[in-house]
Amino acid sequence: MSVVLGTAGHIDHGKTTLLAALTGIDADRLPEERRRGMTIDVGYAHLALADGRVIDFVDVPGHDRLIGNMLVGAGEIDAALLVIAADDGPRAQTLEHLAILHALGIDGAVVALTKTDLADAERVAAVRATIAALLAPTRLAGSPVIGVSARTGDGLPELRDALAALAARTEERIAAEPVTGARLAVDRRFAVRGRGLVVTGSLRGGPLATGELLRLVPGEGSVRIRELQVRGSTEERALRGRVAGNVAAAEDLPIGRGSVLTHDPAVVASDRLLVAIEAGAALPEGETRPGRRSGPLPPDGAILRLHAATAETGARVGRSGRDDLLLADGAALAVLRLDAPIAAAPGDRILLRRPAPAGNVAGAVVLDPAPPRGISRRRQDPERVTALAAAVASGDRSAIGAATLDLHGARIGPDGATHLAPDLLAAGMEAAIAAVAAYHRSQPGEVGIPPATLRPLVARPLRRLATLPGPAATAAADRAIEAALAEARMVRDAGRIRLPGHAAAGPDPALLAAMDRLEAALGVVAPPALSAAARAAGCPPEGIRALERSGRIVVLAPELAWSAARYRELAARALVMAHAGPLTPAAYRDATGTSRKYVLAILEDLDRRGILRRTDAGHLPGPKAPPLPGR
Ligand SMILES: Nc1nc2c(ncn2[C@@H]2O[C@H](COP(=O)(O)OP(=O)(O)OP(=O)(O)O)[C@@H](O)[C@H]2O)c(=O)[nH]1
Ligand SMILES: [Mg+2]
């Protein structure tokens, strides 16, 4: 691997010249840059160190109007080479670039106090003191300041040593970071005749190999790496550092500056980010114009430019309502609504700046690249956000995953399954157990509840907790039911779900006997009123419901019921008569020896079910009438 160092500093302070003196490479590759003697777009160079390490340099322009290109370069560096001309001292873009480095979280740098051939010793000492004061409130406080002249070569060996030490420190820090999939933020794209598309960038995370398929974010596509080049030579595998990749991709694939090619599932396309915005370091004004300092926190509604790796877009800051929260370290919570989607993952550092009047910059850390929407936002409280911020600061992916799940309530995982936050899972399990118990009470004699009946009974309360989008509720209910089964709080038995011990206890024998008595009492042609019969049989309402649900009795009106066997016989009689000719209620009443009340109820029921059909002359066999036996 190699560490990537970015230059920074005011225009004409000698960044590109110093890199050329160090590496022999002119990073100003564009004809216009050479003609005008200034850097316009990012350029690249590399330095082989005595210890075998290699430093990749990204050279940036110092011109104040080219700050966007400076940020493309600064967006993917590990540490900085801050260049300040001894004759001129720190100037406007010295401060602006310093504020940007601080906001991007860059905490390793070497300061080259260059053009020492143009300043006397007294001047050099004075500028050193100014620089120390300038760095003091930033993450770069205490960085070594090396006097150097690109013209005479004075100080170059010392600068090389300081850079080697910085590279070693930076490598150590990177080695301690959690391992993630490869991630390449594209900074250049160009076509090579006969070869197709080439993209370049600073590779982070794990290695990349020829032939691999990478996701393009944002965008729908994926690209295959045909060939990899590291510092001009073709390699099978590239480690962290500068790489160029010849990629096989559709001609019109929207890939370019701002695109990310990655293996890392945490990287998603998003136009809405939950972030923690840090207040900038308070820089002294020094020799610069006032107003060019990193500033206070951007207010709610502020419209800013957002820079993330090599991407840039407009962003509106939302800091009201639920998002109005100061975190423990003084950072402000905010939701950023972007003009266009960018690639983002939890923990990414982004930069916010005010374009006009140019000035304040603030750094921010992405807490959630796809924060909850709609009703799920109700879960976003200070405790959950604080826990997520702490997890993101730790860099621990599983802690970030757990805190994010708790913030959302439920999430669809990469495996396609709905995952539930612990409190929702517990609520779902309780709902499932309560639903099974209620079913046991209402259906004595049945061993358990069919899963299809249970699912909506659990999904409903989960949805009512107001944290789940509709379709996820059913999947979440399944998850809660599975969890209750896994904890043996419910049991799966012959395709049904019951509470443990329920089947062992069995239905109440006294109730079963009462149900038998009631069924017998209703097994007559003209049964008594249902409530009176039930009272006489000692059968409670759940016994009546169980008889009806299991098809042992037929209830046609609140007080009118027959045993199923008797009812089948009465219905068959009506059908036989209807086949013989139009059946009138009076004829049916006489044939069965009952009263008008009973025959009207039966005939209506048979009409409703299509077994009979009513005509003016009487009832005839209906569309659903079964054929008569024997015909
Ligand atoms: N005397 C002297 N001149 C230098 C030194 N380093 C750079 N210069 C001159 O300063 C001018 C600007 O140098 P560059 O390297 O283009 O400056 P830069 O910081 O890259 O400028 P931008 O890319 O436009 O921001 C050139 O004319 C260089 O020759 C030095 O150490 N001593
Ligand atoms: Mg330059």
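Just follow the structure's listing: the first ligand is 1, and inside any ligand the first atom is 1. Just so you know, these numbers use all the heavy atoms, side chains as well, and skip hydrogens, waters and symmetry mates. Here the structure is a predicted model, which is why all the values come from computation and not from measurement. Residues: numbered from 1 along the sequence shown.
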Option with minimal heavy-atom separation from atom 20 (O) of ligand 1, where the choices are Asp64, Asp12, Thr16, Asp88: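 Minimum heavy-atom distance to atom 20 (O) of ligand 1 goes to Thr16.
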Shortest reach to atom 17 (O) of ligand 1 by a heavy atom, considering only Ala85, Ala119, Gly14, Ala86: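 Residue with the shortest heavy-atom distance to the ligand atom: Gly14.
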Short N/O/S contact of Thr17 with the Mg ion (ligand 2) (below 2.8 Å):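 False for Thr17.
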Whether Thr16 has an N, O or S atom under 2.8 Å from the Mg ion (ligand 2):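 Yes - counting backbone and side chain alike, Thr16 has an N, O or S atom under 2.8 Å.
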Proximal atoms of ligand 1 relative to [X] (non-hydrogen, under 4.0 Å):
| X | result |
| --- | --- |
| Ser149 | 31 (O) |
| Gly62 | 22 (P), 25 (O) |
| Thr114 | 31 (O) |
| Thr39 | 20 (O), 22 (P), 23 (O), 24 (O) |

Beyond-backbone contact of His13 with Thr94, side-chain heavy atoms, under 4.5 angstrom: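 Sidechains of Thr94 and His13: in contact.
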Within-4.5 Å side-chain heavy-atom neighbours: Leu213 and Val223: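 A side-chain contact is absent here, since even the closest heavy-atom pair is not under 4.5 Å.
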Using distance alone, determine whether [X] and ligand 1 share an N or O pair under 3.5 Å.
| X | result |
| --- | --- |
| Ala150 | yes |
| His63 | no |
| Asp28 | no |

Among all protein heavy atoms in this structure, tell me which lies nearest to [atom], with the distance rounded to 0.1 Å.
| atom | answer |
| --- | --- |
| atom 32 (N) of ligand 1 | Asp117 OD1, 2.9 Å |
| atom 5 (C) of ligand 1 | Lys115 CG, 3.5 Å |
| atom 29 (O) of ligand 1 | Arg151 NH2, 3.7 Å |
| atom 13 (O) of ligand 1 | Thr17 OG1, 3.3 Å |

Side chain, backbone, both or neither: the part of Leu118 lying under 4.0 Å from ligand 1 by heavy atom: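 For Leu118, only side-chain atoms sit under 4.0 Å from ligand 1.
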Per-residue contact class, Lys15 against ligand 1 - non-hydrogen pairs under 4.0 Å: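 Both backbone and side chain.
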Quiz question: by atom type and distance under 3.5 Å, do the side chains of [X] and [Y] form a donor-acceptor pair?
| X | Y | answer |
| --- | --- | --- |
| Asp117 | Ser149 | yes |
| Asp396 | Ser394 | no |
| Arg151 | Thr17 | no |

Residue that, paired with Leu261, satisfies side-chain contact (heavy atoms from CB on, under 4.5 Å) out of Val199, Val217, Leu203: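 Between Leu261 and the candidates, side-chain contact (heavy atoms from CB on, under 4.5 Å) is satisfied uniquely by Val199.
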Passing candidate, side-chain contact (heavy atoms from CB on, under 4.5 Å) with Ile77, options Leu101, Thr170, Leu5, Leu104: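 With Ile77 as partner, side-chain contact (heavy atoms from CB on, under 4.5 Å) holds for just one option, Leu101.
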Sub-4.0 Å protein heavy atom next to atom 27 (O) of ligand 1: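 No; the ligand atom in question lacks any protein heavy-atom contact below 4.0 Å.
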Arg316 atom CZ: more than 12 heavy-atom contacts under 6.0 Å: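 Atom CZ in Arg316 is not crowded, with 12 or fewer foreign heavy atoms closer than 6.0 Å.
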Flag if over 12 foreign heavy atoms under 6.0 Å of CZ, Arg29: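 For Arg29, atom CZ is crowded (more than 12 foreign heavy atoms under 6.0 Å).
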Heavy-atom donor-acceptor pair, Arg123 side chain to Asp87 backbone, under 3.5 Å: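 A pair under 3.5 Å: yes.
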Test item: Ser143 side-chain N/O and Val111 main-chain N/O as donor-acceptor pair under 3.5 Å: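 Absent.
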Close approach of Gly37 to ligand 1, heavy atoms, under 4.0 angstrom: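 Contact present.
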Positive for salt bridge (Lys or Arg N to Asp or Glu O under 4.0 Å) with Glu76, one of Arg257, Arg204, Arg242: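 Testing Glu76 for a salt bridge (Lys or Arg N to Asp or Glu O under 4.0 Å) against Arg257, Arg204, Arg242 leaves exactly one candidate, Arg242.
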